[in-house]
Undergrad: 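Structure below; questions to follow.
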There are 2 protein chains.
Amino acid sequence: MKQKSVDTVEFAKAIADETRQKIMAICCCELLSVNDIVEKTNVAQPTVSHHLKILKTAGLVRSERRGKQVLYTLNQERMAEGCCQVAENFAPEHPVERMG
Amino acid sequence: MKQKSVDTVEFAKAIADETRQKIMAICCCELLSVNDIVEKTNVAQPTVSHHLKILKTAGLVRSERRGKQVLYTLNQERMAEGCCQVAENFAPEHPVERMG
DNA sequence: TTGACATATTGAAGAACATCGATATAATAT
DNA sequence: ATATTATATCGATGTTCTTCAATATGTCAA
């Protein structure tokens, strides 16, 4: 049962921005609209949409439309996969494993 | 016993480059000179030095001079810490733990 | 179908970054 | 001291990225 492989460069690039990590933290355990995120981050709406697109393309957020809004949430599963793959590649002698 | 905290933005930025990940992979389990890395990557020497400096600043490689050479090796400990911190921040419901 | 609201896309400007040739610094041997 | 080898720094160039105003698209209500 081989895991679907993760492109660790794409993964790292996707999370390598302060604004993006702010967004990720905010919608980590919640389903938030773009406007919610705009308000909580004090970042312009096009900027938020841009970052959400990058995260989406990397598979790190899920989105669903509800009426006029589009709700986003962090894909923790993918985050964990990315982290584990990085650790597997670059810390093979300091094992890190997913639990549960 | 709180772990020394990791700046996940700095960590992600440090590993968010293809050439850097090539270098990291190459000196993951070996102590290599800059020239060794140059030869194994087909990247110009100043470029390699530049990337090594970024990794060093982020605490992700260790270096020691041996004669004229400077030997580098990936700091797996720090890599594991970085990965775990990212997972802790962004995948709290999909636990990832360091072993051993 | 018009208006109001929510999000996405476009386009432009500036910042940050990767790359490498040229050169400087460091270490060693003769 | 000088030459040789190894690495680091400098400086310039082109690329990628972030940001946001303006605008387009999508959704729904009246």
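Given the structure is predicted, the values throughout are model-derived calculations rather than measurements. Each chain gets a letter, A, B and so on, in the order the sequences are listed, and its residues count up from 1. Heavy atoms only: backbone and side chains are in, while hydrogens, waters and symmetry mates are out.
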Undergrad: Any carboxylate oxygen within less than 4.0 angstrom of a Lys/Arg side-chain nitrogen, looking at E77(A) and R98(A)?
TA: yes
Undergrad: Rounded to the Å, how far apart are L52(A) CG and dA6(C) C1'?
TA: 13 Å
Undergrad: So L71(A) and L32(A), do their side chains get closer than 4.5 Å, heavy atoms only?
TA: no
Undergrad: Counting only side-chain nitrogens and oxygens, does S33(B) get under 4.0 Å of the OP1 or OP2 atom of dA6(D)?
TA: no
Undergrad: If you only use heavy atoms from C-beta on, which nucleotide in dT19(C), dT18(D), dC20(D) is closest to the side chain of H51(A)?
TA: dT18(D)
Undergrad: Is the distance from OP1 or OP2 of dT27(D) to the nearest side-chain N or O of R65(A) less than 4.0 Å?
TA: yes
Undergrad: Nearest nucleotide by nearest heavy atom, which residue falls closer to the 5' end of DNA chain D, A16(A) or K68(A)?
TA: A16(A)
Undergrad: Can you tell me how far C1' of dC17(C) sits from CD of E18(B), to the nearest Å?
TA: 15 Å
Undergrad: Closest to the D17(B) side chain: dT19(C), dC20(C), dA8(C)?
TA: dT19(C)
Undergrad: Which part of the nucleic acid, if any, lies within contact of R66(B), taking any heavy atom under 4.0 Å across all strands shown: a base, the sugar-phosphate backbone alone, or nothing?
TA: nothing
Undergrad: Please report the distance, rounded to the nearest Å, between CD in Q21(A) and P in dC17(D).
TA: 16 Å
Undergrad: Does this structure show an ion pair linking E64(B) with R66(B), if we count only N-O contacts that are shorter than 4.0 Å?
TA: yes
Undergrad: Report the nucleotide, chosen from dT7(C), dT19(D), dT19(C), that has the shortest atom-to-atom distance to any side-chain atom of H50(B).
TA: dT19(C)
Undergrad: Could you check how far CG of L31(A) sits from P of dA6(C), rounded to whole Å?
TA: 16 Å
Undergrad: Please work out if I54(B) contacts a base, only the sugar-phosphate, or nothing of the nucleic acid, heavy-atom cut-off 4.0 Å.
TA: sugar-phosphate
Undergrad: Does a donor on one side chain sit under 3.5 Å from an acceptor on the other, for Q76(A) and H94(B)?
TA: no
Undergrad: Considering only heavy atoms from C-beta outward, does the side chain of M24(B) approach that of I15(B) to under 4.5 Å?
TA: yes
Undergrad: So if I take every side-chain heavy atom of V70(B) and compare against dC17(D), dA8(C), dT7(D), which nucleotide ends up nearest?
TA: dT7(D)
Undergrad: Which listed nucleotide (dT4(D), dT27(D), dT7(D)) is nearest to the side chain of V34(B)?
TA: dT7(D)
Undergrad: Which nucleotide wins on minimum distance to the side chain of T47(B), given the candidates dC17(D), dA8(C), dT19(C)?
TA: dT19(C)
Undergrad: Starting the side chain at C-beta, find the nucleotide from dG21(C), dC28(D), dT18(D) nearest to P46(B).
TA: dG21(C)
Undergrad: Using whole Å, what does the distance between atom C1' of nucleotide dT9(D) and atom NZ of K56(B) come to?
TA: 16 Å
Undergrad: Examine dT9(D): is either OP1 or OP2 under 4.0 Å from a nitrogen or oxygen in the side chain of K53(B)? Give yes or no.
TA: yes
Undergrad: Would you classify V48(A) as touching base, sugar-phosphate or nothing, given that sugar-phosphate means primed atoms plus P, OP1 and OP2, and contacts are heavy atoms under 4.0 Å?
TA: nothing
Undergrad: When the distance from CD of Q45(A) to C1' of dT9(C) is rounded to whole Å, what number comes out?
TA: 10 Å
Undergrad: Salt bridge check: are E18(B) and K13(A) linked by an N-O gap of less than 4.0 Å?
TA: no
Undergrad: Can you tell me the distance, in whole Å, between the NZ atom of K13(A) and the P atom of dT18(D)?
TA: 10 Å
Undergrad: Touch check for L71(A), heavy atoms < 4.0 angstrom, all strands: base, sugar-phosphate only, or nothing?
TA: nothing
Undergrad: Among the candidates dA6(D), dC28(D), dC20(C), find the nucleotide nearest to the side-chain atoms of Q69(B).
TA: dA6(D)
Undergrad: Please state whether the phosphate of dA6(C), meaning OP1 or OP2, lies under 4.0 angstrom from any side-chain nitrogen or oxygen of Y72(A).
TA: no
Undergrad: What is the distance from CG of N35(B) to P of dT5(D), rounded to the nearest Å?
TA: 12 Å
